[in-house]
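Take a look at the structure below.
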There are 2 protein chains.
Amino acid sequence: MGVGKRSITETEKAVQERLGDIPLRREQMAAVSNIYRAATAVRQHLENSVLREAELTWTAFTVLWEVWIWGESETRHVAEDAGISKGTLTGVARTLESRGLLTRTQHASDGRLVLLALTPAGEELMARVFPAFNAEEAFVTEDLSPAECLKLADGLRKIVARLEAKGEERREELLAGEAPKPRRSGRRPRNGAAG
Amino acid sequence: MGVGKRSITETEKAVQERLGDIPLRREQMAAVSNIYRAATAVRQHLENSVLREAELTWTAFTVLWEVWIWGESETRHVAEDAGISKGTLTGVARTLESRGLLTRTQHASDGRLVLLALTPAGEELMARVFPAFNAEEAFVTEDLSPAECLKLADGLRKIVARLEAKGEERREELLAGEAPKPRRSGRRPRNGAAG
DNA sequence: AGTCGATCGTTTGGGGCCGTACGTTTTCCG
DNA sequence: CGGAAAACGTACGGCCCCAAACGATCGACT
């Protein structure tokens, strides 16, 4: 040992002491906190190995991957599937374009749309990088059997599906009546109330 | 349907077409990609419900939680357990301090160390927010039985443990001989090489 | 043809986040 | 006692990320 990490069991015990009589959903807590731990660990591993060597960030890789798999795509779909906001995509796509990995073209009939597509260089890069990426996916899950991987994927899919189906409803329920408490971010109104 | 999302099954099929003859580790890919999807979905749900109402970001909450559970702590331990860099913690802690939720004090005998502790206001906030947080952890996992949650947590823990044990070794192996490809980030040298 | 609301991608502002550089303090080893 | 090495928290550069504002475009309805 030696590292400053506390085990999940220790943590749960300390939490129970803090909460005292309030019943704690331990299994659910363990599942959720481990999702985040695993996601962080996997992402860092990949960013510091395969993606580092290719000089790609996680997000940039995700965007390239979407366009690689699905071919020429509208930006809104890429942002949705990549799980980032459209504003983020604008910047990432611009960077990738400047590196000659993808192109941005106007849609033929709808002037509002922008289409993303890989350049030959982008295709080559993905053909080289993705097998290595998948090999690391296999590496990080090596202590799990393929069947266990599927079971894991299944459980996670249920969580995602539940949030997609009922997350918004739930959030509205929770905020019912309360002030929406705007986030500190976001662009400011041009002005207006001067004076 | 209706939304622009493609299912995992569709994605896997398209990937197989792209990769053709290259053998693909499908189960592992499904597991890893779902980890990230689930982590993003859960985080967004919590940020937009419980944490929004408390005006906390995910990271800020994580930091408060660590200090809440373990009491007065050295910053390096908090950063480690929260899964963020020490540089990030400096900023987050400063923000929380300015909001009167935690204090930063010098260690008595080791002048290099800084200790974090919750203020009474911080204690109150966590006593109020954490039960709600845990309730949402239960909500997102409601389609899984407690036993399934534990199984899920187990599988994820194996991944984290594997990366902790063998991740660094693996990364060195992969980069063997190659140029380390420095990241574009990081502070610049004060100067030096002028002329 | 003209208006108006919806939808698109982009811009903008605030903050999170990492990794490197840096100055300070402590510890190690003569 | 003194200098080197190690460890700490902070400053900073660059990118990611979101949400709201914004201008361009589209579509429906008149």
Side-chain angles (χ1 to χ4, degrees), chain A residues 4 39-40 43-44 47-48 51-52 55-63 73-80 82-99 104-116 180-192, chain B residues 4 40 43-44 47-48 51-52 55-63 73-80 82-99 104-116 180-193:
Chain A
T40 303
R43 174 173 170 161
Q44 281 191 359
E47 281 187 332
N48 288 324
L51 298 185
R52 167 89 69 124
E55 302 199 76
L56 292 173
T57 62
W58 177 274
T59 305
F61 174 77
T62 305
V63 168
S73 305
E74 301 170 15
T75 58
R76 58 197 168 137
H77 292 145
V78 175
E80 169 95 27
I84 60 178
S85 72
K86 51 188 188 161
T88 299
L89 180 56
T90 296
V92 173
R94 186 160 26 219
T95 299
L96 292 172
E97 186 184 29
S98 76
R99 285 182 54 185
R104 281 141 41 96
T105 55
Q106 288 266 323
H107 189 282
S109 59
D110 189 334
R112 297 170 302 179
L113 303 181
V114 171
L115 300 173
L116 302 183
K181 297 247 192 183
R183 261 219 183 193
R184 187 83 56 219
S185 67
R187 181 172 176 169
R188 291 300 143 75
R190 170 176 302 240
N191 157 42
Chain B
T40 304
R43 175 174 171 160
Q44 282 190 357
E47 282 187 333
N48 288 325
L51 298 184
R52 166 90 67 130
E55 301 199 76
L56 291 173
T57 63
W58 176 275
T59 305
F61 174 77
T62 304
V63 168
S73 306
E74 301 170 15
T75 57
R76 59 199 165 132
H77 293 323
V78 174
E80 166 95 27
I84 60 178
S85 73
K86 50 188 187 161
T88 299
L89 180 57
T90 296
V92 173
R94 190 167 16 227
T95 300
L96 292 172
E97 187 183 28
S98 77
R99 285 182 55 185
R104 281 139 44 95
T105 57
Q106 287 266 322
H107 189 281
S109 59
D110 190 334
R112 296 170 302 179
L113 302 182
V114 171
L115 299 173
L116 303 183
K181 297 245 190 184
R183 260 216 182 198
R184 188 85 57 219
S185 69
R187 180 172 175 169
R188 290 303 156 73
R190 169 175 305 242
N191 154 44

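Just so we're on the same page: letters track the sequence lines, and every chain starts at 1.
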Hey, what are the protein-to-nucleotides 9-11 of chain D N/O distances that come in under 3.5 Å?
residue	atom	partner	partner atom	Å
dG9(D)	OP1	Thr75(B)	OG1	2.3
dG9(D)	OP2	Thr75(B)	OG1	3.3
dG9(D)	O5'	Thr75(B)	OG1	3.2
dG9(D)	N7	Lys86(B)	NZ	3.2
dT10(D)	OP1	Arg104(B)	NH1	3.3
dT10(D)	OP1	Arg104(B)	NH2	3.3
dT10(D)	OP2	Thr90(B)	OG1	2.8
dA11(D)	OP2	Arg94(B)	NH1	3.3
dA11(D)	OP2	Arg94(B)	NH2	3.2
dA11(D)	N3	Arg187(B)	NH1	3.3

My understanding is that only residues two or more places apart in sequence, or in another chain, count here; which of them pass salt bridge (charged side-chain N to carboxylate O under 4.0 Å, His left out) with [X]?
{"X": "Arg187(B)", "answer": "none"}
{"X": "Arg94(B)", "answer": "none"}
{"X": "Arg43(A)", "answer": "Glu47(A)"}
{"X": "Arg99(A)", "answer": "none"}

Practice item. Would you classify Ser109(A) as touching base, sugar-phosphate or nothing, given that sugar-phosphate means primed atoms plus P, OP1 and OP2, and contacts are heavy atoms under 4.0 Å? Key: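 Sugar-phosphate, backbone atoms only, no base.
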Exercise for review: Quick one: label Gln106(A) by what it contacts on the DNA or RNA (base, sugar-phosphate, nothing), any heavy atom closer than 4.0 Å.
Suggested key: nothing
Let me know the distance between [atom1] of [X] and [atom2] of [N], rounded to the nearest Å.
{"X": "Arg52(B)", "N": "dG15(C)", "atom1": "CZ", "atom2": "C1'", "answer": "14 Å"}
{"X": "Glu97(A)", "N": "dT10(C)", "atom1": "CD", "atom2": "C1'", "answer": "14 Å"}
{"X": "Glu80(B)", "N": "dC18(C)", "atom1": "CD", "atom2": "P", "answer": "12 Å"}
{"X": "Glu55(B)", "N": "dC18(D)", "atom1": "CD", "atom2": "P", "answer": "20 Å"}
{"X": "Asn48(B)", "N": "dA19(D)", "atom1": "CG", "atom2": "C1'", "answer": "10 Å"}
{"X": "Ile84(B)", "N": "dC17(D)", "atom1": "CD1", "atom2": "P", "answer": "17 Å"}
{"X": "Leu116(A)", "N": "dC8(C)", "atom1": "CG", "atom2": "P", "answer": "15 Å"}

Review point. With distance as the sole criterion, is a donor-acceptor pair present between the side chains of Ser85(B) and Thr88(B) under 3.5 Å?
Key: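 Distance-only check passes for Ser85(B) and Thr88(B).
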Review point. Heavy-atom distance under 4.5 Å between the side chains of Thr95(A) and Val92(A), does that happen here?
Key: no
Check your understanding: Of the nucleotides dG19(C), dC17(C), dC17(D), which has the atom closest to the Thr59(A) side chain?
Key ->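 Within the option list, the nearest is dC17(D).
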Practice item. Taking only the side-chain heavy atoms of Thr57(A) (C-beta and beyond), determine which of dC17(C), dC17(D), dC15(D) contains the nearest atom. Key: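 My answer, after comparing the listed nucleotides, is dC15(D).
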Practice item. Return no unless some side-chain N or O of Thr88(A) is found under 4.0 Å from OP1 or OP2 of dC17(D). Key: no
Review point. Are Gln44(B) and dC18(D) close enough that a side-chain N or O sits under 4.0 Å from OP1 or OP2?
Key: yes
Exercise for review: Using heavy atoms to find the nearest nucleotide of DNA chain D for Asp110(A) and Gly83(A) separately, return the residue whose nucleotide is more 5′.
Suggested key: Gly83(A)
Exercise for review: Kindly write out the residues that satisfy side-chain hydrogen bond (donor to acceptor under 3.5 Å, both in side chains) with Thr75(B), not counting sequence neighbours, or none if the list is empty.
Suggested key: none
